[in-house]
Q: 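Below is one structure. I have some questions about it.
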Amino acid sequence: MIHESQLNPKVQALGPSATLQINELSQQLLKEGRDIIRLGLGQSPFPVPDIVVKSLQKHAHEKDYLPVRGLLALRQAVADYYQRRDGLDVDAESVLIGPGSKELLFNIQMACQAELILPAPSWVSYAPQAVMLGRKVRYLPTDMDNGWRIFPGQLDQLPPPGDQARFLLLNYPSNPTGASYEPEHLQALAEVARRQKIIIIADEIYGETRFSGEHHSMASFYPEGTILSGGLSKWCGAGGWRLGTMVFPQELRNLQDAMAVIASETFTSTSAPIQYAACTAFSENPEITRYLEHSRQVLALIAGYMVKSLRSLGLRMANPVGGFYLFVSFAAFREQLKGRGIASATELCNALLSETGVAMLPGSDFGLMADQLLVRMAFVDFDGARALDAVAEGQYQPEDFVRQYCPRLFAACQRLEQWLEPSDKDNK
Ligand code: PMP
C-alpha cells in the first residue's frame, strides 16, 4: 500500500478542483432523475466534419508507431495551414504533434525551468500544471471593463527575471472570457515581450471559432518569440481524438528538441489513425471551410441571444468575440445572494445547480477570487449537427434560433431569470 506521505506532495497540493465537485453533484442529481442543463464542461457541441471522419475510417488499419515529432505529412499540413491562415513563415520542421495540446503545454513547462506568467482569469489547467512541476506562477490581473485583456505596461513592470526564462501564456479567444486581442494589442504586447525577453505561448486553440472569422496570431507580430499552440479539439469538434499541435520558431529549436525527448520517453507518438485523419482536417477543403463558417454563425447567434438575455436580468459580462463561453458577473446581486447564504462563486454554482439544475463553473477555478461572484457558462448544451444544418439553410434572429435549435440554452436563461426574481423568493 502507498502511505499518504509517500504520494507526490506537489500533486497532493492541488486537491480536488471545484470543477470535479460540480461534476460529481451533477452526476448525483442526474441519478435522482433531475434535468441538468450542462453549461459546465467546455466541449465542442459540433460533430467532427464528415470528410475527417471518413479519413479516420480509411486509416483505421494504420498500426505502426509514428515518428516522435509527428507524421511528416501532418507536420507539413499544419505548417501549410498556418501559412494559409496567418501568412506565417513555418515549415514542417517547426511543428510538433502531441496527444492533445494539454499534454504539450505540460511538457513545455517540463522542458524549461521557466516562470509562468498568466493573466487572471486563465484556463483551469495552466496553473496546476506549473504547480505539479514546481514552477512559479505569476498572475497579471485583468478586468471585465477592459475586455479581460492584459496591457503592455503590466509586462514592463514585472521584476527582472535574473537567469530564469519566462513564459507568458496567452489564450485568445479566451476560455473562460470569450475575449480576444486585436492586431494593435498583439503588436503592443509583442514589442514589450521582445524587449523583456519573454517567450509567449500563444494558445490559439479557439482561433477558428472567432465569430467574425478574423482571428490574428501573435506569431505574426512576434515570430521569433512565439510558440503557437492549437489542435483539433475545439474547431474540429474532436476533443476525444486527442490531437494537439505546437509550432516553434527557429530561435527556439532547442526547446522543441527537449520536447521531443520528453515525448519519446513518455507518450512515444500520437495515435496513428488520428494523425492521418488530421492531415485531412488541416488541409484546404471547401467542406471544412463551410463547416467552420457555419460553426461561427451558430456560436455568434447563441452568444448574441445569451448576452442580451442575461444582461436584461442585471447580470454583467464583456462581449465575447469567439469560443463558446460567457464569463458572467453576479456581483450586482451580492446583497440578495448574501441573504441566501451565498458569498462565493463556488457557493453560487452549487446553489444554481441544486436549485435550478443549471451546471456552471466558478470563476475561482480560473485564478480569480471566489468573492468576485463570476461564473463561466459554456453554451454547448445543444445538438450541434442540427444547428449547423439550420444555419446552412436559413437566416435567423438570435432569439428565434436559440428558441428553436438550442432549447436547453433558452431554458437555462429562463431558469436563471426565475431564480434571480426576488418575487419568487418564497419558492426558492
Ligand atoms: N487550452 C484551452 C484554453 C482549452 O480550453 C483547452 C481544452 N479545454 C485546451 C487548451 C486543451 O485542449 P486539448 O488538450 O484537447 O488540445
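We number each residue from 1, following the sequence as shown. Atoms within a ligand are numbered from 1 in the order they appear, just like the ligands themselves. Side chains included, hydrogens not; waters and symmetry mates left out as well; all remaining heavy atoms used.
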Q: Could you check whether the rings of Tyr405 and Phe401 sit parallel, tilted or perpendicular, using 30° and 60° as the cut-offs?
A: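 Rings of Tyr405 and Phe401: tilted, as their planes differ by 30° to 60°.
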Q: Would you mind listing which atoms of ligand 1 come within a distance below 4.0 Å of any non-hydrogen atom of Gly100?
A: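 Going through ligand 1 atom by atom, the ones under 4.0 Å from Gly100 are 14 (O), 16 (O).
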Q: Where does the angle between the aromatic ring planes of Tyr305 and Phe410 fall among parallel (under 30°), tilted (30 to 60°) and perpendicular (over 60°)?
A: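 Aromatic pair Tyr305/Phe410 classed parallel.
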Q: Mark the output for Tyr126 as yes if a heavy-atom distance to ligand 1 is under 4.0 Å, and as no if none is.
A: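 Right, Tyr126 reaches ligand 1.
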Q: Which heavy atom of the protein is the closest neighbour of atom 1 (N) of ligand 1, given with residue, atom name and distance?
A: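 The closest one turns out to be Asp203 OD2, 2.6 Å.
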Q: Counting only heavy atoms not in Gln196, do more than 12 sit closer than 6.0 Å to its CD atom?
A: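 Yes - once you tally the heavy atoms of other residues, nucleotides and ligands closer than 6.0 Å, there are more than 12.
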Q: Could you tell me whether ligand 1 has any atom less than 4.0 Å away from a heavy atom of Gly231?
A: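 The answer is no: ligand 1 sits nowhere under 4.0 Å from a heavy atom of Gly231.
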Q: Surrounding CZ of Arg408 (heavy atoms of other residues, nucleotides or ligands, distance under 6.0 Å), is the total greater than 12?
A: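 Yes, because the 6.0 Å sphere around CZ of Arg408 holds more than 12 heavy atoms from other groups.
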Q: Measure the distance from atom 8 (N) of ligand 1 to every protein heavy atom, then report the residue, atom name and distance (to 0.1 Å) of the closest one.
A: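 The closest one turns out to be Lys234 NZ, 2.9 Å.
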Q: Salt-bridge test for Glu24 and Lys31: reply yes if a basic N is under 4.0 Å from a carboxylate O, no otherwise.
A: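 Looking at Glu24 and Lys31, the cut-off is not met.
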Q: For the residue pair Tyr206 and Phe324, does the interplanar ring angle fall in the parallel (under 30°), tilted (30 to 60°) or perpendicular (over 60°) class?
A: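 Judged by the thresholds at 30° and 60°, the geometry between Tyr206 and Phe324 is perpendicular.
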Q: Quick one: sort the Phe282 and Trp235 rings into parallel, tilted or perpendicular, breaks at 30° and 60°.
A: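 Ring orientation of Phe282 relative to Trp235: perpendicular.
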Q: Identify the protein heavy atom lying closest to atom 14 (O) of ligand 1, giving its residue, its atom name and the separation to 0.1 Å.
A: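 Going by distance alone, atom 14 (O) of ligand 1 is nearest to Arg242 NH2, 2.8 Å.
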Q: Provide, to 0.1 Å, the distance between atom 4 (C) of ligand 1 and the closest protein heavy atom, together with that atom's residue and name.
A: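 Looking only at protein heavy atoms, the one closest to atom 4 (C) of ligand 1 is Trp123 CE2, 3.6 Å.
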Q: Does a salt bridge link Glu224 with Arg194, judged by any charged N lying under 4.0 Å from a carboxylate O?
A: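 A salt bridge links Glu224 with Arg194.
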Q: If you take the nearest heavy atom of each of Gly239, Ser174, Ser233, Pro176, which one is closest to atom 13 (P) of ligand 1?
A: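 Looking at heavy atoms only, the winner is Ser233.
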Q: Give the numbers and elements of all ligand 1 atoms closer than 4.0 Å to a heavy atom of Ile205.
A: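 Answer, ordered by atom number: 1 (N), 2 (C), 12 (O), 16 (O).
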Q: From the options Asn171, Leu105, Val124, select the one whose nearest heavy atom is closest to atom 3 (C) of ligand 1.
A: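 Result: the heavy atom closest to atom 3 (C) of ligand 1 is in Asn171.
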Q: Identify, for atom 12 (O) of ligand 1, the protein heavy atom at the shortest distance, and state residue, atom and that distance.
A: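 Of every protein heavy atom, Ser101 OG, 3.4 Å lies nearest to atom 12 (O) of ligand 1.
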